[in-house]
Amino acid sequence: MGTSKTEIFTAQQNEIALLAKVLGHPARVAILEHLFKMDSCVCGDLVQEIGLAQPTISQHLKELKLLGLIKGNVEGTSVCYCIDVENWSKMKETMHGFLNQDLPKTDCC
């Protein structure tokens, strides 16, 4: 498989692709849904809630945090996670702009 040649695409195209990729795994979607449902910082109960092993949950949290959709605070020996409201709002605007493009006026196929 070749390289993705991200440099030939616009910054917005690359950003949308990264957002779609991070949202493209059901475990990450479940983690985000749980964080929204709790409406507070979540410490450690994701393993029981999601049903995956701790290392797997940690990897998904890392991906979500790397993109900035969640943030973590150290509390004692654990890290508590919550939605990064500012970055979530930016992501919604970016994806809304992409998904809200007008459809063609004619049915071409």
Minimal non-hydrogen separation, Cys41 against Asn73, with atom names: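 For Cys41 versus Asn73, the nearest heavy atoms are SG-ND2, 4.0 Å.
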
Open item on the list: Which heavy atom of Val47 sits nearest to which heavy atom of Ile57, and what is that distance?
Closed with: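 What the structure gives for the nearest pair is CG2-CG1, 4.2 Å.
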
Hey, could you give me the CZ/CD distance between Phe9 and Glu7, rounded to the nearest 0.5 Å?
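It comes to 8.5 Å.
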
Quick one: does [X]'s side chain get under 4.5 Å of [Y]'s, heavy atoms only?
{"X": "Tyr81", "Y": "Lys65", "value": "yes"}
{"X": "Leu46", "Y": "Leu52", "value": "no"}
{"X": "Lys90", "Y": "Glu15", "value": "no"}
{"X": "Trp88", "Y": "Leu32", "value": "yes"}

Notebook entry, point to check: Can you list the steps and then say if Glu93 with Ser89 is a side-chain hydrogen bond (donor to acceptor under 3.5 Å, both in side chains)?
Noted result: CA-CA 6 Å; Glu93 288 177 26; Ser89 294; 6.0 Å; no

_If hydrophobic clusters are built from ILVMFWY residues whose side chains come within less than 4.5 Å, do Leu19 and Leu99 share one?_
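As far as the 4.5 Å side-chain criterion goes, Leu99 and Leu19 are connected within one cluster.
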
- Query: Name the one of Asp84, Val22, Leu18, Leu23 that satisfies side-chain contact (heavy atoms from CB on, under 4.5 Å) with Met91?
  - Reply: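 Passing option: Leu23.
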
Verify, without hydrogens or angle tests, whether Asn14 (side chain) and Thr10 (backbone) share a donor-acceptor contact under 3.5 angstrom.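 Confirmed, Asn14 side chain pairs with Thr10 backbone.
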
Parallel, tilted or perpendicular for His25 and His60, by the 30°/60° rule?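 The rings of His25 and His60 sit tilted, inter-plane angle from 30° to 60°.
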
